[in-house]
**Student:** 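Right, I'll just put the structure down here and ask away after.
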Amino acid sequence: MTERDWAWRRRLRADPRSHAVYRAVVGAVGLVIVVVGLILVPFPGPGWLIVFLGVLVWATEFAWAQRLHGWGMGHLRRWNDWLLRQPVWVRAAVGLATAAFVGLVVLTTMAITGVPAWLPDPVERVLVDLLP
């Protein structure tokens with residue numbers, strides 16, 4: 001990136017009022033993203049990824065969020081490195097446990113909200129019989 005790319009940010013920071021408004025907007029946008037991500041964490045999908053994205057938005061303006069993002073990424077990197085050093089059976093067990101958890105969450109969600117009608121009829125019948 002060139003020096004010119006960040007000129008708009010320097011102009012915002014030069015005026016205390018616009019800088020305060022900008023920080024408030026960044027804080028609010030980051031908060032919305034983090035809250036949506038936390039709501040999505042128990043469901044299948046990218047809940048934690050969305051939380052990290054919200055923290056990354058905060059980290060563009062807040063030093064504490066930069067530290068939090070670095071801490072989280074460090075833990076994620078260590079977990080990944082540890083898992084890659086494990087034998088295949090450990091990685092497979094972690095994958096199966098993750099798949100079982102996601103399946104349990106999907107079945108629980110269907111038990112609460114109902115089986116989606118867009119599923120093929122044989123699958124829908126099995127799930128309707130299986131779920132309370």
Side-chain angles (χ1 to χ4, degrees):
M1 290 197 174
T2 64
E3 185 72 21
R4 197 180 94 208
D5 292 336
W6 295 103
W8 66 272
R9 205 163 188 189
R10 278 193 303 282
R11 283 192 307 274
L12 276 175
R13 288 183 174 164
D15 179 16
R17 287 174 295 178
S18 66
H19 188 225
V21 169
Y22 177 72
R23 286 174 62 93
V25 169
V26 168
V29 168
L31 181 64
V32 167
I33 294 171
V34 167
V35 168
V36 167
L38 287 173
I39 290 169
L40 294 176
V41 163
F43 300 105
W48 282 113
L49 182 64
I50 294 170
V51 171
F52 272 102
L53 181 65
V55 172
L56 188 60
V57 168
W58 279 337
T60 64
E61 196 58 33
F62 303 105
W64 61 267
Q66 290 173 359
R67 290 189 302 274
L68 178 62
H69 186 262
W71 177 83
M73 291 304 290
H75 279 286
L76 183 61
R77 200 170 294 112
R78 283 190 294 282
W79 164 255
N80 191 45
D81 291 345
W82 176 84
L83 193 60
L84 289 175
R85 287 192 308 269
Q86 301 310 305
V88 171
W89 70 268
V90 172
R91 288 183 273 165
V94 169
L96 285 173
T98 302
F101 176 75
V102 169
L104 183 64
V105 169
V106 168
L107 287 174
T108 303
T109 303
M110 284 188 214
I112 294 169
T113 64
V115 178
W118 53 264
L119 288 173
D121 289 339
V123 174
E124 188 177 353
R125 278 192 296 274
V126 169
L127 289 173
V128 166
D129 293 340
L130 178 70
L131 298 172

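Below, each value reflects all heavy atoms present in this structure, side chains not excepted, and no hydrogens, waters or symmetry copies.
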**Student:** Are N80 and L76 packed together at the side-chain level, in the sense that at least one heavy-atom pair is separated by less than 4.5 angstrom?
**Tutor:**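 Of all side-chain heavy-atom pairs linking L76 with N80, none is under 4.5 Å.
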**Student:** Kindly work out whether a path of hydrophobic side-chain contacts (I/L/V/M/F/W/Y, heavy atoms less than 4.5 Å apart) joins V126 to V128.
**Tutor:**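 They do not share one cluster, since no chain of ILVMFWY contacts under 4.5 Å joins V126 to V128.
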**Student:** Just wondering, more than 12 heavy atoms not from W89 lying within 6.0 Å of its CH2?
**Tutor:**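 No, the 6.0 Å shell around CH2 holds no more than 12 heavy atoms from other groups.
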**Student:** Specify the closest pair of heavy atoms between A59 and A65, including all atoms of both residues, with the distance to one decimal.
**Tutor:**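 Taking A59 first and A65 second, the nearest heavy atoms are N-CB, 3.5 Å.
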**Student:** If you compare all heavy atoms of L53 against all heavy atoms of I33, which two are closest, and at what distance to 0.1 Å?
**Tutor:**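 Answer, listing the atom of L53 first, then I33: C-CG2, 4.2 Å.
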**Student:** Check whether any side-chain heavy atom of V26 sits under 4.5 Å from a side-chain heavy atom of F62, and report yes or no.
**Tutor:**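 V26 vs F62: side chains touch.
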**Student:** Counting C-beta onward and ignoring hydrogens, is there a side-chain heavy-atom pair between L31 and W58 closer than 4.5 Å?
**Tutor:**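 Side chain of L31 against side chain of W58, heavy atoms only: contact under 4.5 Å found.
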**Student:** To the closest 0.5 Å, what do you measure between CZ (R23) and OG1 (T60)?
**Tutor:**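 Going from the CZ atom of R23 to the OG1 atom of T60 covers 9.5 Å.
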**Student:** Say whether V94 and V105 are linked into one hydrophobic cluster, either directly or through other cluster members, by side-chain heavy-atom distances under 4.5 angstrom.
**Tutor:**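 Hydrophobic grouping puts V94 apart from V105.
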**Student:** Are I112 and V41 connected into the same hydrophobic cluster when the rule is that any two of I, L, V, M, F, W, Y join if their side-chain heavy atoms are below 4.5 Å apart?
**Tutor:**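 No, separate clusters.
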**Student:** Is there a side chain to side chain contact (heavy atoms under 4.5 Å, CB included) between V88 and R91? Walk through the geometry before answering.
**Tutor:** CA-CA 5 Å; V88 171; R91 288 183 273 165; 3.6 Å; yes
**Student:** Atom CD in E124, atom CG in D129: separation rounded to 0.5 Å?
**Tutor:**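 That separation rounds to 10.5 Å.
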**Student:** So W79 and H75, side-chain hydrogen bond (donor to acceptor under 3.5 Å, both in side chains) or not? Walk me through it.
**Tutor:** CA-CA 6 Å; W79 164 255; H75 279 286; over 6 Å; no
**Student:** Side-chain contact, heavy-atom cut-off 4.5 Å: D81 with R85?
**Tutor:**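 D81 vs R85: side chains touch.
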**Student:** Treating Ile, Leu, Val, Met, Phe, Trp and Tyr as nodes and any side-chain heavy-atom pair under 4.5 angstrom as an edge, say whether V51 and L49 lie in one connected cluster.
**Tutor:**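 Each belongs to a different hydrophobic cluster.
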**Student:** Could you measure the distance from the CE atom of M73 to the CH2 atom of W71? Nearest 0.5 Å is fine.
**Tutor:**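 With rounding to 0.5 Å, CE (M73) is 12.5 Å from CH2 (W71).
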**Student:** Would a 4.5 Å heavy-atom cut-off, applied to side chains only, mark E61 and R13 as touching?
**Tutor:**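 The answer is yes, as the side chains (C-beta and beyond) meet within the 4.5 Å cut-off.
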**Student:** Identify the two heavy atoms, one from R11 and one from S18, that lie closest to each other, and give their separation to 0.1 Å.
**Tutor:**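 Taking R11 first and S18 second, the nearest heavy atoms are O-OG, 4.3 Å.
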**Student:** Verify the cluster assignment for V106 and F101: are they in a single hydrophobic cluster under the rule of side-chain heavy atoms below 4.5 Å apart?
**Tutor:**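 They do not share one cluster, since no chain of ILVMFWY contacts under 4.5 Å joins V106 to F101.
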**Student:** Is the closest side-chain heavy-atom distance between L107 and L127 below 4.5 Å?
**Tutor:**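 Touching, per the 4.5 Å side-chain cut-off.
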**Student:** How long is the straight-line distance from CG of L38 back to CH2 of W48, given to the nearest 0.5 Å?
**Tutor:**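 The distance works out to 6.0 Å.
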**Student:** Distance check, rounded to the nearest 0.5 Å: L56 atom CG versus F52 atom CZ?
**Tutor:**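 CZ of F52 is found 10.5 Å from CG of L56.
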